[in-house]
Amino acid sequence: LEYGHGRLGVDQVTTGGFDNLALLSNGVLSFDGDVSLNMGQSLRLYSGAMGLAENAAANARINLSAPYLLLAGILAPLDPSKDQYLHPVLASNMSQRASQALFQASGNLIDVRGNVLFGNKSDLTLSDASKQGIDRRGFDDVQLSSQGDLRFLAGAGADVIAQGISTQLMTKGDMTLRAAQLYPATDVGARVLAGFIDAFSGFKYDPTRTLTIARTGTADAAMPYSAFGRLQLGGPTIKQGGVVRAPLGLIEIGNLGAS
């Protein structure tokens with residue numbers, strides 16, 4: 001049994017005249033070379049991980065934009081009564097393959113929900129119990145830019161990623177988050193990791209990488225309708241120049257256990 005594959009071209013979306021697009025991949029959502037996609041109303045991407053297709057150029061440029069943008073993991077929890085080969089399960093392991101690719105996404109409002117990974121290395125279980133290896137390159141630089149808020153919403157379960165963490169945004173390369181303000185939704189635990197290599201013996205980072213938090217606009221954003229959230233920002237170097245909030249909650253800025 002081979003896992004299913006689907007392809008969708010920007011030209012198909014444009015010709016169809018669609019303003020809203022939602023894509024879901026139970027495995028990897030891959031970009032096959034340069035992609036420039038501008039939606040009129042909304043773009044929602046659900047996946048186990050996002051990365052480059054095997055034949056994509058190492059310096060591919062991905063540019064996505066929509067007034068509303070959602071980046072999400074697979075939100076439905078795995079049914080333990082079903083075999084995993086019916087539902088590919090990716091591990092939260094970063095591909096160590098080199099990449100010079102750029103991922104840019106912009107909108108007026110950006111939501112991040114669940115386990116959002118850029119690049120992945122996993123072994124998927126087939127029907128005969130054998131393993132199929134997946135190693136998809138991520139991006140050298142990930143940039144998310146919101147003219148309004150950048151929110152972290154609840155994932156599939158309160159402790160599905162780590163204790164108290166249900167949503168994460170993770171890349172092996174650099175990451176820049178620009179927004180009027182960043183914050184977790186009510187009672188949501190989230191984390192952002194840039195330069196992440198692995199966590200087999202404590203968090204390990206690429207020391208050359210940077211997580212940058214920046215601000216869009218000069219006006220002070222209204223306090224969000226959120227309370228008791230938790231937001232962790234991790235990386236070897238963190239540049240904080242934005243507005244990060246967690247009303248009545250907790251903000252942790254540091255390298256999350258790296259030596």
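Since the model is a prediction, treat every value here as computed from it, not as a measurement.
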Inset, instruction - Using a 4.5 Å cut-off on heavy atoms from C-beta on, say whether the side chain of Q181 contacts that of V244. - result: no
Legend entry - R61 side-chain N/O to V35 backbone N/O, donor-acceptor pair under 3.5 Å: no
Inset, instruction - Answer yes or no: is there an ion pair linking R215 with D220, defined by an N-O contact shorter than 4.0 Å? - result: yes
Inset, instruction - Measure the CD1-CZ distance between I251 and R230 for me, rounded to the nearest 0.5 Å. - result: 12.5 Å
Legend entry - Hphob cluster co-occupancy, M170 + I165, side-chain heavy atoms under 4.5 angstrom: no
Inset, instruction - Rounded to the nearest 0.5 Å, what's the gap from CG on L117 to CG on L29? Could you check? - result: 12.0 Å
Inset, instruction - Before giving the answer on side chain to side chain contact (heavy atoms under 4.5 Å, CB included), spell out for N26 and I74 the whole-Å C-alpha distance, their side-chain angles and the decisive distance to 0.1 Å. - result: CA-CA 7 Å; N26 273 333; I74 302 301; 3.9 Å; yes
Inset, instruction - Determine whether the side chains of R136 and S30 contain a donor N or O and an acceptor N or O closer than 3.5 Å. - result: yes
Legend entry - Atom of Y225, atom of T186 and distance for their closest heavy-atom approach: O-OG1, 3.9 Å
Legend entry - Minimal non-hydrogen separation, T210 against D174, with atom names: N-OD1, 2.8 Å
Inset, instruction - Examine the side chains of N38 and S65 and answer whether a donor and an acceptor come within less than 3.5 Å of each other. - result: yes
Inset, instruction - Write down the atom of A49, the atom of G119, and the distance for their closest heavy-atom approach. - result: CB-O, 4.2 Å
Inset, instruction - Determine the minimum heavy-atom distance between P67 and Q41, stating which atoms define it. - result: CD-O, 3.3 Å
Legend entry - Test item: L45 and M50 side chains (from C-beta on) under 4.5 Å apart, heavy atoms: yes
Legend entry - Evaluation steps, side chain to side chain contact (heavy atoms under 4.5 Å, CB included), between I62 and D34: CA-CA 6 Å; I62 313 302; D34 295 343; 5.9 Å; no
Legend entry - Cluster overlap V116 with I161, hydrophobic side-chain contacts below 4.5 Å: no
Inset, instruction - For S99 and G138, indicate whether the former's side chain and the latter's backbone hold a donor-acceptor pair under 3.5 Å. - result: yes
Legend entry - Separation of R113 CZ from L169 CG (nearest 0.5 Å): 15.5 Å
Legend entry - Candidates K204, M94, K172 - the one meeting side-chain contact (heavy atoms from CB on, under 4.5 Å) with D198: K204
Inset, instruction - Run the salt-bridge test on R137 and E54 with the 4.0 Å N-O cut-off and return the result as yes or no. - result: no
Inset, instruction - Give, for atom CG of L177 and atom OG1 of T216, the distance between the pair rounded to the nearest 0.5 Å. - result: 11.5 Å
Inset, instruction - Decide whether N108 and Y68 meet the rule of one side-chain donor and one side-chain acceptor closer than 3.5 Å. - result: no
Inset, instruction - Would you check if L144 and R178 make a side-chain contact, meaning some heavy-atom pair closer than 4.5 Å? - result: no
Legend entry - D11, CG atom: more than 12 neighbouring heavy atoms under 6.0 Å: yes
Legend entry - Spacing of CG belonging to L37 relative to OG1 belonging to T14, to within rounding of 0.5 Å: 7.0 Å
Inset, instruction - Would you mind checking if D140 and R209 are paired as a salt bridge, meaning a charged N to carboxylate O distance below 4.0 Å? - result: yes
Legend entry - L153 with L248, same ILVMFWY side-chain cluster at under 4.5 Å: no
Inset, instruction - Would you mind reporting whether T167 and N115 have side-chain heavy atoms less than 4.5 Å apart? - result: no
Legend entry - Distance, nearest 0.5 Å, that separates CG of L64 from CG of L69: 7.0 Å
Inset, instruction - Answer with yes or no whether the hydrophobic clustering places L182 together with F228; edges join I, L, V, M, F, W, Y residues whose side-chain heavy atoms lie under 4.5 Å apart. - result: no
Inset, instruction - Could you check L21 against V13 for side chain to side chain contact (heavy atoms under 4.5 Å, CB included), going step by step and ending with a plain yes or no? - result: CA-CA 8 Å; L21 177 65; V13 178; 4.1 Å; yes
Inset, instruction - Measure the shortest side-chain to side-chain distance between L211 and K239 over non-hydrogen atoms and say whether it is less than 4.5 angstrom. - result: no
Legend entry - Ion pair R7/D32, N-O distance below 4.0 Å: yes
Inset, instruction - Flag the pair N120 / S95 as yes when at least one side-chain heavy-atom distance between them is below 4.5 Å, and no otherwise. - result: no
Inset, instruction - Group every Ile, Leu, Val, Met, Phe, Trp and Tyr by side-chain heavy-atom contacts under 4.5 Å, then state whether I238 and F118 land in the same group. - result: yes
Inset, instruction - Kindly indicate, with the supporting measurements, whether the criterion salt bridge (Lys or Arg N to Asp or Glu O under 4.0 Å) is fulfilled by D111 and R151. - result: CA-CA 5 Å; D111 284 337; R151 305 183 299 190; 2.7 Å; yes
Inset, instruction - List the steps and the verdict of side chain to side chain contact (heavy atoms under 4.5 Å, CB included) for F196 and D206. - result: CA-CA 6 Å; F196 181 81; D206 179 344; over 6 Å; no
Legend entry - Validation row: L250, E252 side chains within 4.5 angstrom (heavy atoms): yes
Inset, instruction - Using distance alone, with no hydrogens and no angle criterion, decide if S42 and R44 have a side-chain donor and acceptor under 3.5 Å apart. - result: yes
Legend entry - Within 6.0 Å of CD in Q163, more than 12 heavy atoms from elsewhere: no
Inset, instruction - Quick one: closest heavy-atom pair of G229 and A246, and the distance? - result: O-CB, 4.0 Å
Inset, instruction - State, to 0.1 Å, how close L150 and A179 come at their nearest heavy-atom pair, and which atoms those are. - result: CB-CB, 3.8 Å
Inset, instruction - May I ask you to check whether N63 and S36 show a side-chain donor-acceptor distance below 3.5 Å? - result: no
Legend entry - Any side-chain heavy-atom pair of Q104 and S145 under 4.5 Å: no
Inset, instruction - Determine, step by step, whether Y183 and F152 satisfy the ring-ring contact (aromatic ring centres under 6.0 Å, His included) criterion, reporting the C-alpha distance in whole Å, the side-chain angles of both residues, the deciding distance to 0.1 Å, and the verdict. - result: CA-CA 6 Å; Y183 60 90; F152 296 90; 8.6 Å; no
